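All values derive from a computational prediction rather than experimental measurement. Here is how names work: the chains are called A, B, and so on, in the same order as the sequence lines, proteins then strands, and each is numbered from 1.
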Amino acid sequence: MPELPEVETVRRGLEPVMAGARFIRVEQRRADLRFPFPENFAARLEGRRVEALSRRAKYLFADLDDASVLVMHLGMSGSFRIDEAIQGAFHHPRSKRAAHDHVVFHLSSGAAITYNDPRRFGFMRLLARADLAADPMFAGLGIEPLGNELDGAALARLFAGRTTPLKAALLDQRLIAGLGNIYVCEALHRAGLSPQRAAGALVSKAGQPTAGAARLAAAIREVLEEAVAAGGSSISDHRRTDGELGYFQHAFRVYDREAAPCPTPGCRGIVRRIVQSGRSSFYCAECQT
DNA sequence: ACACTATCCTGCAGGC
DNA sequence: TGCCTGCAGGATAGTG
């Protein structure tokens, strides 16, 4: 599910009940997700206070009061649900969905936060804050697309000399961290660039960003900001922490719209689907060149 | 260096 | 109704 906008939506939902709260009790219902849980996971969390909840790329970080960090990744199908514990009156419906409730955080704020993940590609880790930057998982992460670093010049620097297709370059978390299949497709369409174009073609011979590079940087920022404002995209699994759906999926111009007319004004193209790096690319061959 | 594949896992849609 | 295939928002390891 979750690319940067969905993870940021989750962060904003969790922050009011997690930041400043203590873990009173932690239920860990299985030994592993994508990776084994840390040793004594529940015991190491219980009693700890969350100082802040932040996001980097598609990772969530809960800074704890013992100088450790709880790292959470939602994989493809992870979600968090917040239940306010009201005098034990809350009833959890017996559903297939509940079978994939793997972790429950009971917090001093009175909230119970349940992590659900059918495919179990998500994970949780506990790291010393001092070790975070050097950890292999984070040391090589690329620039944050909603931060100040992303502009045409940054793309030119990252893509210079690369023959790899734009689609693959934009999915590469070592270059830009946080984009996934949906928002890469959407950003390329907004920028009028083919996913098959060589990444290095966005750099002039003098090493300067082309007009396409500037358009792409602006398109990435724009589509992510709009998606965050919409609460992310809910295709099948993504839920906001209050259980509501995001609604950016209604604003998709090309993603999962094979054979639909291209939405670009005046364009008579049809959205096509091709496979790159084993994943679907949706684009319009008429206006994306 | 790069591109593609398989892999982890479950659910769902579509074809028959 | 069921069985089968393929596909899905991520990320990594391994191959050529």
Side-chain angles (χ1 to χ4, degrees), chain A residues 1-11 29-37 55-60 71-80 95-102 115-125 135-142 145 158-187 195-201 223-224 227-228 230-240 245-252 254-259 273-282:
Chain A
M1 102 185 199
E3 304 181 33
L4 187 154
E6 291 74 38
V7 177
E8 177 59 22
T9 297
V10 169
R11 191 198 69 78
R29 297 182 178 168
R30 54 177 299 126
D32 57 64
L33 296 171
R34 180 187 179 91
F35 309 123
F37 279 92
R55 177 193 59 76
R56 169 80 167 102
K58 304 170 193 174
Y59 300 90
L60 287 169
V71 177
M72 297 167 281
H73 192 289
L74 303 172
M76 290 275 267
S77 59
S79 63
F80 282 99
S95 66
K96 238 181 182 177
R97 218 180 142 69
H100 304 294
D101 288 350
H102 303 308
Y115 179 70
N116 180 286
D117 188 355
R119 294 174 72 178
R120 304 201 301 275
F121 290 169
F123 57 83
M124 297 188 188
R125 299 177 63 198
D135 189 276
M137 190 172 274
F138 308 109
L141 272 187
L158 292 169
F159 291 173
R162 292 185 184 261
T163 55
T164 194
L166 276 176
K167 174 65 182 289
L170 291 170
L171 282 176
D172 188 340
Q173 305 295 302
R174 297 168 299 184
L175 302 177
I176 303 171
L179 298 177
N181 205 32
I182 292 177
Y183 297 105
V184 167
C185 291
E186 293 296 309
Q196 295 177 291
R197 172 95 74 103
V223 75
L224 293 179
V228 169
S233 303
S234 295
I235 296 183
S236 59
D237 292 298
H238 169 62
R239 299 290 170 118
R240 305 166 65 135
L245 302 175
Y247 53 89
F248 193 73
Q249 65 278 12
H250 304 300
F252 290 168
V254 290
Y255 182 82
D256 203 22
R257 296 181 55 80
E258 185 179 14
R273 186 181 83 94
I274 61 172
V275 176
Q276 294 177 284
S277 315
R279 332 223 10 217
S280 292
S281 289
F282 298 91

Any N/O donor-acceptor pair, R279(A) side-chain to dA8(C) base, under 3.5 Å: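 Check fails, no donor-acceptor contact within cut-off.
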Please say which of E186(A), E3(A), K167(A) ends up in a side-chain hydrogen bond (donor to acceptor under 3.5 Å, both in side chains) with N181(A).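 Looking at E186(A), E3(A), K167(A), the match for N181(A) under the side-chain hydrogen bond (donor to acceptor under 3.5 Å, both in side chains) is K167(A).
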Whole-Å gap separating [atom2] ([N]) and [atom1] ([X]):
{"X": "E3(A)", "N": "dG9(C)", "atom1": "CD", "atom2": "C1'", "result": "5 Å"}
{"X": "R120(A)", "N": "dA8(C)", "atom1": "CZ", "atom2": "C1'", "result": "17 Å"}
{"X": "E6(A)", "N": "dA8(C)", "atom1": "CD", "atom2": "P", "result": "16 Å"}
{"X": "L179(A)", "N": "dG10(C)", "atom1": "CG", "atom2": "P", "result": "9 Å"}
{"X": "R174(A)", "N": "dG10(C)", "atom1": "CZ", "atom2": "P", "result": "16 Å"}
{"X": "I176(A)", "N": "dG10(C)", "atom1": "CD1", "atom2": "P", "result": "14 Å"}
{"X": "L74(A)", "N": "dA8(C)", "atom1": "CG", "atom2": "C1'", "result": "16 Å"}
{"X": "Y59(A)", "N": "dG10(C)", "atom1": "OH", "atom2": "P", "result": "12 Å"}

Aromatic plane relationship, Y255(A) with F282(A) - under 30° parallel, 30 to 60° tilted, over 60° perpendicular: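 Perpendicular, since the angle between the ring planes exceeds 60°.
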According to the interplanar angle, ranging from 0 to 90°, do the rings of Y115(A) and F80(A) count as parallel (below 30°), tilted (30 to 60°) or perpendicular (above 60°)? tilted
Chain A vs DNA chain B, heavy-atom contacts under 4.0 Å, first-to-last nucleotide span, 5' to 3', is dC2(B) to dG11(B)
Dot-bracket for DNA chain B, 5' to 3', Watson-Crick and G-U pairs with both distances under 3.5 Å, [ ] for crossing pairs, | for partner on another strand, reads .|||||||.|||||||
Kindly write out the residues that satisfy ring-ring contact (aromatic ring centres under 6.0 Å, His included) with F123(A), not counting sequence neighbours, or none if the list is empty. F35(A), H73(A)
Shortest non-hydrogen contact from L74(A) to S79(A)?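 Minimum heavy-atom contact is CD2-N, 4.3 Å.
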For a quick test of reading the model, state the closest non-hydrogen atom pair linking P145(A) to A177(A) and the distance between them.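 That would be CD-O, 3.0 Å.
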Could you give the distance separating [M] and [N] at their [atom1] atoms, to the nearest angstrom?
{"N": "dT5(C)", "M": "dA6(B)", "atom1": "P", "result": "15 Å"}
{"N": "dC9(B)", "M": "dG2(C)", "atom1": "C1'", "result": "22 Å"}
{"N": "dG9(C)", "M": "dC2(B)", "atom1": "C1'", "result": "25 Å"}

I want to check one thing: is the phosphate of dG9(C), taken as OP1 and OP2, less than 4.0 Å away from some side-chain N or O of Y255(A)? yes
CG of L33(A) to CZ of R119(A), rounded to nearest 0.5 Å, is 14.0 Å
Interatomic distance, T9(A) atom OG1 to F248(A) atom CZ [nearest 0.5 angstrom]: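 If we round to the nearest 0.5 Å, T9(A):OG1 and F248(A):CZ are 11.0 Å apart.
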With a 4.5 Å cut-off on side-chain heavy atoms, are F252(A) and C185(A) touching? no
Take atom CZ in R30(A); do more than 12 heavy atoms of anything else shown fall under 6.0 Å from it?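 Correct, the count exceeds 12.
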Any stacking of F121(A) on dA11(C), going by centres under 5.5 angstrom and planes within less than 30 degrees?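 No; centroid distance or tilt outside limits.
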For R162(A) and for G278(A), find the nucleotide of DNA chain B with the closest heavy atom, then tell me which residue's nucleotide is more 5'. R162(A)
Which part of the nucleic acid does Q276(A) contact within heavy-atom distance under 4.0 Å: base, sugar-phosphate only, or nothing?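 Here Q276(A) touches no strand at all.
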